[in-house]
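Some notes on the structure that comes next.
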Amino acid sequence: MSRLAIIATCNLNQWAMDFQGNLNRIHQSIVKAKEKGARYRVGPELEVTGYGCEDHFLEPDTFEHSWEVIGELISSGVTEDILVDVGLPVLHRSVSYNCRCLIYGRRIVLLRPKLFLADDGNYRESRWFRAWKRRSVLEQYKLPQVIVDITGQTTCPFGEAIVELGDTSLAVETCEELFTVDSPHIKYVLNGVEIIANGSGSHHHLRKLDQRLDLIRGATCKGGGVYLYANQLGCDGGRLYFDGCACICVNGEIVAQGSQFSVETEVEVIVGTVDLDKVTSHRVGVASRGFQSAEAEDISRVGLPEFRLCKSSNIAIYNSIPSQPIQVRIHHPMEEIALGPACWLWDYLRRSGASGFFLPLSGGADSSSTAAIVGSMCQLLCRAVQKGCTPVLEDIRRVCGEPSNSEYVPVDPRELASRIFHTCFMGTKNSSQDTRLRSKMLAKDIGAYHLDINVDIVVDALVKLFCVVFGQDKEPRFKVYGGSETENLALQNIQARIRMVIAYFFAQMLPFVRGRRGALLVLGSANVDEGLRGYLTKYDCSSADINPIGGISKVDLKSFLRFASKPLEENGLGYTSLKSVVEAPPTAELEPITSTYTQTDEEDMGMTYEELTWYGRLRKLGRCGPVSMFLYLSQVWKHLSVRQVADKVKFFFRMYSMNRHKMTTLTPSYHAENYSPEDNRYDLRPFLYNSRWQWQFSKIDRLVVQKEETTNDIAH
Ligand SMILES: Nc1ncnc2c1ncn2[C@@H]1O[C@H](COP(=O)(O)OP(=O)(O)OC[C@H]2O[C@@H]([n+]3cccc(C(=O)O)c3)[C@H](O)[C@@H]2O)[C@@H](O)[C@H]1O
Ligand SMILES: Nc1ncnc2c1ncn2[C@@H]1O[C@H](COP(=O)(O)OP(=O)(O)OP(=O)(O)O)[C@@H](O)[C@H]1O
Ligand SMILES: NC(=O)CC[C@H](N)C(=O)O
């Protein structure tokens, strides 16, 4: 008979610092794995604490509580008859490490510290942990008293090692180690390890899954082997959405895949039956691998001979056949926008204790996108309830403020939206009927509780106050009525800013008005490009509690709106009113519309959204300063003269640097794109610039002259 093994990996929706909840979910995942006959279970990175504890990893309490959780797991008996691989932070000789802990029954088999830390973009693990550098040394770790008391074991091996089981060998790596050039799994494969597990804390951004799956397949494609990938799922207390997708890969082919975006369960266990003889067979067939293996550098080994993964008395084995390769599921980027932020919003809402959302809905592309994402969340929730996910139903009832004996079951996403989603059009004299109507129609499509109000009374009161203080002759006027730039801007900003105050007021009071308790979270809708250009009023209605689209570009949002306007049968979101939103030119509607003037975003900004997307990508992803951005764009924008390109690039950098201060107060938003300008965690820059960029701009000027001379020479 083949060496068949049933193994399990999981997606866990952990929450930073929620030790009790995290313990329950880890426990549940082990129980589920055992129920399905698995003999090995791997969980996500730092699952005991939650990945996103950040500076809590500097507190000794965090390490102590982590061992208490391990103690609870062991004493519950759940680790009996299964090899469990859990992620937690560990202090060893007063140095903190991000570790995997392998437990069998009441024995800690190995503590394996992370070798290569994640330190780019959103990650800064070296702020809290050290990477393990003594790769050839296996040290003895002094176990804490809480574990000694339960197990009687006083020390365990600490370091990089292969675990030799009775019938196979296994090694583990942690998240970023899969992404590094010289991944540890290469050595493990050459050392004959058949099963490699990776516990990850890896977040979603658009179009990323492809890369991750390629790496997973690549790990065992050349040298054979089984690769198990576990990940966190959901919002664990920050701006990131961890997108699960736990999977099992055999000899470079995915045989099992968990969900990427799901509100259905906090504990998703993915089980596969793998034939380890297939690994041997694959390996024997590649002679060059054999040559390299024969001379591979040895790795320390820890023995667990009494444990056989392919246990012949395992009843489940008799009933199972090896898992076959599957077609992997990769969502279209537009579905990713509809699903990722929706799942993040739901975790945030249910965990914050709020009673729903309040969204200032202008009928423009941005706030309409936010609204559609909340609609998508309601659709996901109703689908989960239909499938019988009881914990989801309980959470919904709690958010809706239902009594404990409630029998409420949401079946219609629009009906659910009417309970938890509130939208408000806040018009002024400058608002058009078109946007007012679009806002109303979209709210109807989604089912939101909608308000249509005018805020002129408040704006006028503020202008009056100004006149009382400074005199009637200083009454500010719009430019179209002969006012200066300053007056024109001030009159716009006050309308925009007052909307924010009203939004918070209404969000606090609406549950009371509707005979409910609690308060609503205010949603924001600023997008990446506006942030970059500074085309927003600081502390206006783009300031909110959370923003699901703050990391998404306008160009992607437009495509998303087209997708969301399609009927459900065509896999859209069914919000047909969005069609007119996409077609309308973006406008702030803060200036009076006259027969000769209508305000539009692109004209106001002095650049198009498409140009802004270029600047955004080159600035962050291309790591371009003004000069290299100019050089690059003068190659690409052939429809413009180099002087025009130079003027555009200089204008962008001037506006960007003048407005960078606005990024410091950006509403916390879902991280969806690597070109995000988010200033607090991701895109760290100064916010007081010399916006003349003298050195850089004069170099651009010299280059323009040079290029013009060269072009003239060629022409003659
Ligand atoms: N270096 C610096 N560091 C810190 N803070 C700085 C600062 N420079 C100015 N400030 C502060 O920022 C204030 C100016 O910023 P802010 O009040 O926002 O005003 P401001 O940026 O002058 O004007 C708002 C901009 O957004 C546009 N807008 C308005 C309304 C809607 C929309 C839309 O998205 O549709 C766009 C409008 O056309 C204009 O370009 C100053 O009064 C000062 O308090
Ligand atoms: N008339 C309005 N009624 C309700 N909310 C509004 C209105 N105008 C603006 N807002 C809110 O203020 C935010 C910022 O306003 P701004 O004029 O900058 O719009 P925007 O960023 O272009 O977004 P949108 O595309 O949603 O209009 C909007 O996203 C919206 O949430
Ligand atoms: N936690 C980690 O090591 C994650 C790093 C990895 N590059 C990722 O984005 O998935």
Side-chain angles (χ1 to χ4, degrees), residues 44-46 51 87 98 114 116-123 125 173-180 198-205 208 211-212 215 231-232 240 242-243 359-371 423-428 430-432 435-436 438-439 451-455 485-486 488-490 492-497 499-500 502-503 522-527 529-531 533-544 547 549 554 557 581 584 586-591 599-601 604-606 655 657-662 664-665 686-689 691:
E45 183 174 14
L46 296 169
Y51 184 81
N98 173 350
K114 191 168 182 175
F116 306 111
L117 301 179
D119 258 335
D120 44 26
N122 287 298
Y123 297 97
E125 290 181 359
E173 58 185 14
T174 307
C175 201
E176 180 71 9
E177 295 175 11
L178 172 68
F179 290 77
T180 51
N198 182 317
S200 274
S202 181
H203 71 282
H204 169 246
H205 63 75
K208 176 180 180 185
Q211 180 208 8
R212 201 191 284 146
L215 290 170
N231 197 8
Q232 304 233 13
L240 304 183
F242 294 94
D243 61 335
L359 172 68
L361 181 59
S362 70
D366 298 337
S367 46
S368 297
S369 301
T370 298
T423 51
C424 181
F425 184 84
M426 302 183 208
T428 66
N430 305 313
S431 309
S432 68
T435 47
R436 191 181 289 274
R438 281 201 289 272
S439 169
L451 295 168
D452 187 340
I453 64 169
N454 275 316
V455 299
E485 285 292 351
T486 306
N488 199 48
L489 212 51
Q492 291 185 63
N493 287 344
I494 194 61
Q495 295 168 70
R497 217 167 252 141
R499 286 195 178 111
M500 188 265 281
I502 295 169
V522 179
L523 291 181
S525 318
N527 64 60
D529 306 292
E530 289 176 345
R533 162 64 176 77
Y535 187 66
L536 61 116
T537 302
K538 202 174 184 181
Y539 300 113
D540 77 345
C541 222
S542 42
S543 297
N547 175 358
I549 64 159
K554 192 84 168 185
L557 283 178
V581 176
T587 166
E589 294 199 327
L590 292 167
E591 289 181 86
Q599 187 181 24
T600 63
D601 283 7
D604 260 11
M605 289 194 295
M655 298 320 291
S657 52
M658 277 165 59
N659 285 304
R660 182 71 200 186
H661 66 92
K662 293 183 184 173
T664 59
T665 60
F687 55 97
L688 178 63
Y689 283 90
S691 57

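Just follow the structure's listing: the first ligand is 1, and inside any ligand the first atom is 1.
Taking each of L536, T600, N488 in turn, the one with a heavy atom nearest to atom 26 (O) of ligand 1 proves to be L536. Closest heavy-atom approach to atom 6 (C) of ligand 1 within the set R497, H661, M655: this belongs to H661. The residue from T486, N659, L489 that puts a heavy atom closest to atom 37 (C) of ligand 1 is L489.
Minimum heavy-atom separation, I549 to D366: CD1-O, 3.5 Å.
For ligand 3, the 4.0 Å heavy-atom shell contains residues E45, Y51, K114, A118, Y123, E125, C175, E176, F179, G201, S202, K208. Contact residues for ligand 2 (protein heavy atom closer than 4.0 angstrom to any ligand atom): P360, L361, S362, G364, A365, D366, S367, C424, F425, M426, R499, S525, E530, C541, A588, D601.
When only modelled atom types and interatomic distance are considered, S542 and E530 share no side-chain donor-acceptor pair under 3.5 Å.
Residues K208 and S202 are in side-chain contact: their nearest non-hydrogen atoms beyond the backbone lie under 4.5 Å apart. Counting heavy atoms from C-beta outward, Y123 and H203 have side chains that approach closer than 4.5 Å. Looking at heavy atoms from C-beta onward, F425 lies in side-chain contact with S431 at the 4.5 angstrom threshold.
In terms of polar-atom proximity, defined here as any N/O pair under 3.5 Å, R533 makes no such contact with ligand 1. Residue contacts with ligand 1: N493 is placed with a nitrogen or oxygen under 3.5 Å of a nitrogen or oxygen of the ligand (distance criterion only). Polar contact check, Y535 against ligand 1: a nitrogen or oxygen pair lies under 3.5 Å apart.
We find that D601 and R533 are not joined by a salt bridge, their nearest charged nitrogen and carboxylate oxygen being 4.0 Å or further apart.
Close approach of ligand 1 to K538 is summarised as follows: ligand atoms under 4.0 Å from at least one heavy atom of the residue are 4 (C), 5 (N), 16 (P), 18 (O).
The nearest heavy-atom contact from the protein to atom 31 (C) of ligand 1 is L590 CD1, 3.3 Å.
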Next item on the list: Check the pair Q492 / T537 against side chain to side chain donor-acceptor pair (under 3.5 Å), numbers first and verdict last.
Entry: CA-CA 9 Å; Q492 291 185 63; T537 302; over 6 Å; no
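The shortest separation from a heavy atom of K662 to ligand 1 is under 4.0 Å, placing the residue in contact.
Here the side chain of N547 pairs a donor or acceptor atom with the backbone of A526 at under 3.5 angstrom.
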